[in-house]
**Student:** 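For reference, the structure I am asking about is given below.
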Number of protein chains: 2
Amino acid sequence: MGRGKVQLKRIEDKTSRQVTFSKRKGGLMKKARELGVLCDVEVALMIFSDQGRLYEFSSAERLAFLELSHTLPPSSNKKQKVLS
Amino acid sequence: MGRGKVQLKRIEDKTSRQVTFSKRKGGLMKKARELGVLCDVEVALMIFSDQGRLYEFSSAERLAFLELSHTLPPSSNKKQKVLS
DNA sequence: CAGCCTATGTATAAATA
DNA sequence: TTATTTATACATAGGCT
């Protein structure tokens with residue numbers, strides 16, 4: 001989307017990679033949420049970045065264990081950050 | 001997208017709900033894969049439908065446990081189907 | 001660096017086959 | 001009912017602030 005076509009490879013420039021990560025993470029979570037609501041299914045989305053753990057789910061019950069059973073990203077030595 | 005605007009509520013018509021599920025599931029997985037590659041992060045996407053379990057991940061190592069630690073959807077009494 | 005803007009690329013709702 | 005075809009809505013890359 002946007003002005004240029006997307007190449008399916010790691011974005012080398014750190015700044016653009018961070019910007020793209022932020023934009024696409026938001027879009028992906030929105031879509032995951034929509035799929036859950038529109039189609040009445042349970043969806044879990046987990047994204048591990050260098051900063052911490054991010055996740056999304058539309059129906060907590062069956063998926064709540066995900067919060068507890070994962071391992072911490074090795075690069076993270078701080079308390080993990082949990083975002084909606 | 002498409003011809004009509006989207007209402008963020010459960011699609012009541014079973015046929016449209018199934019059609020929408022199929023289309024959006026594909027789109028969501030594609031985007032999840034792209035985010036993982038472009039931004040060099042680990043992504044896991046799990047969708048529980050009535051049919052079975054679907055999942056996606058860009059980096060198997062840390063997330064492989066997801067395959068084993070989840071519980072089966074109660075509505076599924078057949079062997080689960082695993083898709084890429 | 002976090003937002004805002006907007007031209008363009010994509011995803012997809014409906015319609016149709 | 002599933003596959004293909006548009007017309008549109010939506011997401012977002014690159015620029016700019």
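The sequence lines fix the lettering, A, B, ..., with proteins before strands; numbering per chain opens at 1.
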**Student:** Using side-chain heavy atoms (C-beta onward) and a distance below 4.5 Å, is B:Phe21 in contact with A:Leu35?
**Tutor:**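 They are in contact (side-chain heavy atoms under 4.5 Å apart), so the answer is yes.
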
**Student:** Send over the distance from A:Phe21 CZ to C:dC1 C1', rounded to a whole Å.
**Tutor:**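 One finds 16 Å between C1' of C:dC1 and CZ of A:Phe21, rounded.
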
**Student:** Test of understanding: with side-chain hydrogen bond (donor to acceptor under 3.5 Å, both in side chains), list the residues that count as partners of B:Arg10, not counting sequence neighbours.
**Tutor:** A:Asp40, B:Glu12

**Student:** If you only use heavy atoms from C-beta on, which nucleotide in C:dA11, D:dA13, C:dA13 is closest to the side chain of B:Arg24?
**Tutor:**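 Nearest to the side chain of B:Arg24 among the choices is C:dA13.
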
**Student:** Rounding to an integer number of Å, can you tell me how far A:Leu28 CG sits from C:dA11 C1'?
**Tutor:**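 Result: 13 Å.
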
**Student:** Looking at A:Leu38 and B:Gln7, what are the two nearest heavy atoms and their distance?
**Tutor:** CD2-O, 3.1 Å

**Student:** Check the distance between C:dA14's P and B:Ile11's CD1 and give it to me in whole angstrom.
**Tutor:** 8 Å

**Student:** What are the two closest non-hydrogen atoms of B:Val41 and A:Ser49, and how far apart are they?
**Tutor:** CG1-CA, 4.1 Å

**Student:** A:Lys25 NZ to C:dA2 C1': how many Å, rounded?
**Tutor:**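 Spelled out: NZ on A:Lys25 to C1' on C:dA2 is 13 Å.
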
**Student:** OP1 or OP2 of D:dT12 versus the side-chain N and O atoms of B:Lys31: is any pair under 4.0 Å?
**Tutor:**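 Yes.
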
**Student:** Please list, chain by chain and in numerical order, all residues satisfying side-chain hydrogen bond (donor to acceptor under 3.5 Å, both in side chains) with B:Ser22, sequence neighbours excluded.
**Tutor:**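 Testing B:Ser22 for side-chain hydrogen bond (donor to acceptor under 3.5 Å, both in side chains), a comparison that skips the adjacent residues, returns none.
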
**Student:** Just the table, please: protein N/O against nucleotides 4-8 of chain D N/O, every pair under 3.5 Å.
**Tutor:**
{"unit_1": "D:dT6", "atom_1": "O2", "unit_2": "B:Arg3", "atom_2": "NE", "d": "3.3"}
{"unit_1": "D:dT6", "atom_1": "O2", "unit_2": "B:Arg3", "atom_2": "NH2", "d": "2.6"}
{"unit_1": "D:dA7", "atom_1": "O4'", "unit_2": "B:Arg3", "atom_2": "NE", "d": "2.6"}
{"unit_1": "D:dA7", "atom_1": "O4'", "unit_2": "B:Arg3", "atom_2": "NH2", "d": "3.3"}
{"unit_1": "D:dT8", "atom_1": "O4'", "unit_2": "B:Gly2", "atom_2": "O", "d": "3.2"}
{"unit_1": "D:dT8", "atom_1": "O2", "unit_2": "B:Gly2", "atom_2": "N", "d": "3.0"}

**Student:** Taking all atoms of both residues into account, what is the closest heavy-atom pair of B:Cys39 and A:Thr20, and its distance?
**Tutor:** SG-CG2, 3.9 Å

**Student:** Would you indicate what A:Thr20 reaches in the nucleic acid, counting non-hydrogen atoms under 4.0 angstrom: base, sugar-phosphate, or nothing?
**Tutor:**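 Counting heavy atoms under 4.0 Å across all strands, the contact made by A:Thr20 is with sugar-phosphate only.
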
**Student:** How close do B:Met29 and B:Ile47 get, counting heavy atoms only, and between which atoms?
**Tutor:**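 It is CE-CD1, 4.4 Å.
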
**Student:** Would you say A:Lys30 reaches D:dC10's phosphate, i.e. side-chain N/O to OP1/OP2 under 4.0 Å?
**Tutor:**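 So the side chain of A:Lys30 is outside the cut-off, no N or O lying under 4.0 Å from OP1 or OP2 of D:dC10.
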
**Student:** State which residues pass side chain to side chain contact (heavy atoms under 4.5 Å, CB included) with B:Lys31; sequence neighbours excluded, sorted by chain then number.
**Tutor:**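 Checked B:Lys31 against side chain to side chain contact (heavy atoms under 4.5 Å, CB included); matches are A:Met1, A:Leu28.
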
**Student:** Just to be sure I follow the notation: if a pair is Watson-Crick (purine N1 to pyrimidine N3 plus N6-O4 or O6-N4) or a G-U wobble (N1-O2 and O6-N3), each under 3.5 Å, what dot-bracket string does DNA chain C give, with | for pairs to another strand?
**Tutor:** .||||||||||||||||

